[in-house]
Structures are given as C-alpha cells and as structure tokens.
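Reviewing the structure listed below.
Sequence positions, counted from 1, serve as the residue numbers for this chain.
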Amino acid sequence: MTTWSLADGTTLKSIESLFKKAIKILDMKPFSVHHCTVLDKYNFLSFDNFVNFKNACFVYKVLNGLAPPPLQEFIKRKTVSGMCVIMLLFGVSSRLLNVGEQGHMALLGHSLAAYISVLDRERLRKLTTRILSDTTMWLCRLFRYENGSACFHDDDRDGLVKVCRLVINARYQEYASEGYTVLSSKQPIIYQSASCRPGLAQHLCTQLGLPLSSLCTVPCNTVFGSQHQMDVALLEKLIKEDKEAGKLPLLLIANAGTPGAGHTDKLGRLRDLCDQYSLWLHVEGVNLATLALGEVTSSLAAGLTPSQPVDKLRALPLWLSLQHLGHSGVVQKFRHATSLVEDELKSPVVLFKFSQEMSAGEGLTLWTLGEQLAQLVPTSGVDVVELEEEGTCVRFSPLVTAAVLGTQQEDVEDLVVKLMEVVPVMDSTLCLIQDFREQTHRHSPSLRYIEEHSWPGLGAVRYEPQADGMDEIRRKQELEKINTELLKKLQELDTDIIFSSGSEFGREEDCIFVGMVTEDVDVCELVDTIAALGRDIVESGRLLENMTEVVRKGILEAELQLQKANEEKLIEEGMLRQLPLVGSVLNWFSPVQSSIKGRTFNLAAGSLDSTEVTYSTKAQAGKLSLQDAPTSSSKRLPGSITHLV
C-alpha cells in the first residue's frame, strides 16, 4: 500500500473501490450499504488514513533498520533548529524539498491533520475549533482586521466561490427557500478586470450554476493610467447599463497585484464605486501581503467559517507555521521580500525585457534571457511571463519566491551582475546573425543555412555534400552521419561557443545549432572552420569507402589465385599423393617441394603481389648478417659458457 499510494488518482480510485468492497465482504454486508458504517463498527481506518498509516510504518522501519536496503534511500533525516525532520523522497528531487523551516512546519501540519482526523467526533470538534479560532485571530492581527472570518481551502478559487454564495444569499432574500428560480427575476452580474487570471470567472460561473452571460469583463485603461489597471469610468458605465436593463450588479473582482505584471487596481475609487452601487468588492493578488506592513483603516468581514470539523483541519498547517514564525517573523518575511525591490511602494514586482530592434534576431526571445538568469542565479526566482501588450517579459516577484528560495540582497546584486553580462552577449549575437547567414551562403551548396527563428543563438547550419546517384534513404543516412561527426568535432574545439543538435527547437533534422557569441568572434573564420571540418569528414569517408572497395576486390582476387594455385598443385603432384595413406608413403620416398607462393596486398597500389620477392630479400639479408658476424671460439674459458653457432 505504501507503493500504491504514490500512484495517480485514477489508479488509486480503483484500489479504494476494492478496499471498500473488501470491508463490506468482511462484515457480510451488501454492496449497497455505505462503507462508513463498517468503519465505525470495527473502528477501521479510512482508505486515506490507512495509506498515511502505512507510510508512517514505512518511515519507522527505515529509521530503525527494518526495511530492505534499496528502500532506505527514500527516507532522509535532517536537523532543523534542533528538531529532527524526516523527508520522504518518493520520486521528488532533494532540490524541491529545500523549503525552509516554515515549509517543514507546513508539511508537518498536513501529516498531523491526517492523524487528527481519526479522533472521535467530540475531541475533533474541540480541537479543530481551537485551531480555527487561533488561526483566524492571528490573521486578523497580522493584517489588522478587527472582525474577520477566515476560509481555508485547497483550491485557491474555492474562497471566491464561497464569497459569491454568501453575497447571493445576502442580496437575494428568498434564495434559501426558492433556490435558483429567484435569479431569473434579476440576473446577477459579476465584474472582473481583463487582467485577472484566466479562467477565474468561468470557474465561478460553473461552480455556482450561473450562465456565462452573468460574467462581465471590464477592459483596462487604454489612454490614461496603467494598461494593467481596470478602467473605473468604463466600469461605472457598465454598472449603470446593467441596472437599467433590470440586472443586479453582484460582485467586483479587483487585483492587488495582477498575475503577470503585479499591478494594483485603483482600490480606493473601486471601493467608493462599490459602496455607491452596493457591490461586493473582492480583492486578490500577491500584493495583499504588504497590508501586514502598514495600517489598515477599515475591514470587510464575511461569515466564511466552515461547519465540518474536518474542513477546519485545513487551517492546521497555517496554524503551525504562524506559531513557529510568530507575528514578527511573518511581518519580517514580508518586509524582507519587499526590500529586495527598490521601488517597493508602487509594486513589489519588477518586469523587464530585452529590446529587440533587429528582425534577424526573432529567436532571441525573453525566454532565453529568463532561462539563463534562472540558471545562473537560481535563488533569485526570476521567471518568464507572457503579457498581452508588452509581450514576453522577465519577472522578479520576491513576495512569491523569496521565502521559498531564501533570496537575499546578495542574490539580487548577483542577478544584476549576470544580467549585465548576458545582455551584451545577446546584443552582439543579434548584430552578427545577418553576417553569419551571408557567410554561410558563401559556402553554398555544401553548407546550408537553416531558418530556425526559435533558436536562441547565432543560427543553424547543415553540411550537405553532393549525393549523386543516392536514393533518399541513403542520402538521409549520410547527412546524419556527417553532421553528427561534424558536431562532435566542433564541440571538441577550444572555444566558448556552444554547438548543439538543438532537436528541441525545431523540426529540421541533422542540423548544427551555433549558440550565442561575443563581439570579438570572427564570423567568417567560424563559418570557414565549419565548412573545412565538413570537407575533411566527407573526404575521409570517401577514402575509407575506396579503401574498403579495394580491400574487397583484393580479397576476391586472392581467393581466385589461391584456388588456381591449389588446382595447379593437384595437377603437379598427381592423384596418388592426395590419397591419405598412399600419399604419405609416396611423399616420404619422393618429397615434392610446394610451388604455391604466398600473397601480399599493397594498400597504396591496390595490387596483389607474390611474397616470393619478400622472402628472397629477407633470406639474402640474413646470409649477409651471418657472414659478417664473428664466430665464437669453442675453447671454454674459466667461468664462461660455450656458445655454439
């Protein structure tokens, strides 16, 4: 069960169904009976708690040396602030587990919530009520709300769904008794900014059973103000039109930090507008964390307290984290994150992009810059976002990433340094792209320039030698072989330029992608080097093919000559010498000297020659050496050994 608990939801659903049927069979109950009755009768664990129990048993066995050695690598022991923290590494890299002390406290909270959920109902009610009230009090104190209610949920959109249900119950007095029929008299309208996160309002309508016509998207400013802020004047016009049409303006979703750019709507004017037309103002965004840094003059309280004790357990991880950090610790983390941005009063989110003025560098998008910065300074937390107006931008949002990655001021300074190093390289690459294309065309048709705009580098080339008389399959094989060998030789060069196959960047096959270059690179020399290495590979391949053909012909000729020599030997010696017993006696009385000569193959001349000349030359050289050598005396000297020649 410990292994199956790591499977996907579809697999676990089948196992859970089998689990429920098994306990019903155990109690001899029909399948129509709910399994909870059997669980309560025998005090069994539910399926989810049973999985957690088996995982806990597995951790115990590993820590006490009772588990098989191959399984012990999935459990790691780490000391955090004097506490022993056990980390489960089921398919998760250790890099992702570096979440800090408060992260470990949150993980501990989830584990405790699973354990507490099996307590009896009365104890569970008392404990969860205390946890929920303490957590709500901490949050109200942290954000300076006098009277507030907290809602804890797994999906970040469920809170808004509960708010909308609350507003519908408040605005439609007969909703509790009449249901959705009361909505037909006055259709509720939900307003959202065009810069809200995609799919939020659609999810809201789906969960509430409202038609999409109840959703009204308010455009952002087009003339005055930020292009990411809601147009307040247009919003007021839309509200008036809806009221005149007999509709009921219900709720306004505003941003305190848009998902992409981190901009904040004009909340003051929106608040006045909502008070004027009796709309519920719902504000969401990462910049709401900055409310803990200053005074809040007023508050909005909503009755969002859950009624089920198990639902209240969702507050346990946050409760543990707040107890661990304390009020000052949470505020300090918010303050540290905002201090990493120089202009923290406007928005703690920084967006920047590389100005691309040359059309030749379409492939050098901000994805390249963002990915390089993320690799060079991983603790900075920079990422790449797509905005409707600005296009691709690099985003630095410390309120989201600083606490998890442990971003410090030194990391920001390092990010600036790396940015100043990467940008000149991108700029020089853009300037040399056209020159690289022209120099490649100079070596046409053997060297071909490949148009691949998605490649973040100088360009892509393919070496295409002449392939006369080859079929398509053989030609592709030769291209793959030559360009693979060429890429290998280029990667062995002593240079800072990166060469790769770039298979993930385009559909073209058997290409060589040249990475970014500095301004001191000689593009003409670079292209000449690529072309020269390609020619050497082709010529060496042809030489090898010719040598192979010559060797093959030489072997065939040698086989023919040996066969001919054997036939001549048979004729010369006669048939009697070929008989096993007679031939041995005859050869003993009358030996016959073999006339078969050896063969030697000359690779340079490509010819098959006889070894008779070679052996005769060596024999003559051996005789001369024997004549020149002094003969040893046969007289034995004292203490010496007689050497006979």
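In this structure, the separation between OG1 on Thr258 and CZ on Arg197 is 12.5 Å, given to the nearest 0.5 Å. With rounding to the nearest 0.5 angstrom, the CE atom of Met516 is 9.0 Å from the OG atom of Ser428. Taking SG of Cys164 as the start and CG of Leu208 as the end, the distance is 5.5 Å to the nearest 0.5 Å. Taking CG of Leu267 as the reference point, atom CG of Asp272 lies at 11.0 Å (rounded to 0.5 Å). To the nearest 0.5 angstrom, Leu248 atom CG is 8.5 Å from Ile189 atom CD1. If you take CE on Met420 and CG on Leu415, they are separated by 11.5 Å, rounding to the nearest 0.5 Å.
Put simply, the side chain of Thr136 never gets that close to the backbone of Ser133: no donor and acceptor are under 3.5 Å apart. The backbone N or O of Arg165 sits less than 3.5 Å from a side-chain atom of Asn169, completing a donor-acceptor pair. Gln173 contributes a side-chain N or O that, together with a main-chain N or O of Ala170, makes up a donor-acceptor pair within less than 3.5 Å. Checking side-chain atoms of Asp242 against main-chain N and O of Pro249 turns up no donor-acceptor pair under 3.5 Å. A donor-acceptor pair is defined here as one N or O able to donate and one able to accept, closer than 3.5 Å; such a pair exists between the side chain of His336 and the backbone of Thr407.
In plain terms, the two heavy atoms of Tyr191 and Ile239 that are nearest each other are OH-CA, 3.7 Å. Contact between Trp280 and Val163 at its shortest, heavy atoms only, is NE1-CG1, 3.4 Å. Nearest heavy-atom pair across Gly262 and Val349 is CA-CG2, 3.9 Å. Residues Val161 and Leu204 share a closest heavy-atom pair of CA-CD1, 3.7 Å. Shown here for Cys151 and Gly159, the closest heavy-atom pair between the two residues is SG-CA, 4.5 Å. The shortest non-hydrogen separation linking Thr264 to Gly257 is OG1-N, 3.5 Å.
When side chains are defined from C-beta on, Leu340 counts as touching Gln409, because their heavy atoms get closer than 4.5 Å. Residues Leu235 and Leu270 meet the side-chain proximity criterion, which asks for heavy atoms closer than 4.5 Å. Looking at Leu183 and Pro188, their side chains come closer than 4.5 Å, going by heavy atoms from C-beta outward. Counting heavy atoms from C-beta on, the side chains of Val218 and Ser193 never come closer than 4.5 Å. At least one side-chain heavy atom of Gln187 sits less than 4.5 Å from a side-chain heavy atom of Ser213.
A salt bridge links Asp134 with Arg130: the closest approach of a Lys/Arg side-chain nitrogen to an acidic carboxylate oxygen falls below 4.0 angstrom.
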Inset, instruction - Verify side-chain contact (heavy atoms from CB on, under 4.5 Å) between Phe334 and Thr338, making sure each step is shown before the conclusion. - result: CA-CA 6 Å; Phe334 291 156; Thr338 54; 5.6 Å; no
Inset, instruction - Go through the steps for Val377 and Val382 under the test side-chain contact (heavy atoms from CB on, under 4.5 Å), then give the verdict. - result: CA-CA 9 Å; Val377 193; Val382 294; over 6 Å; no
Inset, instruction - Walk me through it: do Thr290 and Asn287 pass the test side-chain hydrogen bond (donor to acceptor under 3.5 Å, both in side chains)? - result: CA-CA 6 Å; Thr290 58; Asn287 293 351; over 6 Å; no
Inset, instruction - Go through the steps to decide whether Phe396 and Val412 satisfy the test side-chain contact (heavy atoms from CB on, under 4.5 Å), and finish with yes or no. - result: CA-CA 10 Å; Phe396 174 61; Val412 179; 3.9 Å; yes
Legend entry - Leu373/Lys418 under side-chain contact (heavy atoms from CB on, under 4.5 Å): CA gap, chis, key distance, verdict: CA-CA 7 Å; Leu373 292 177; Lys418 298 299 182 183; 4.2 Å; yes
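Atom OH of Tyr277 sits in a crowded spot, with more than 12 heavy atoms from other residues, nucleotides or ligands closer than 6.0 Å.
Tested against Thr379 for a side chain to side chain donor-acceptor pair (under 3.5 Å), the candidates Asp414, Thr401, Asp411 yield a single pass: Asp411.
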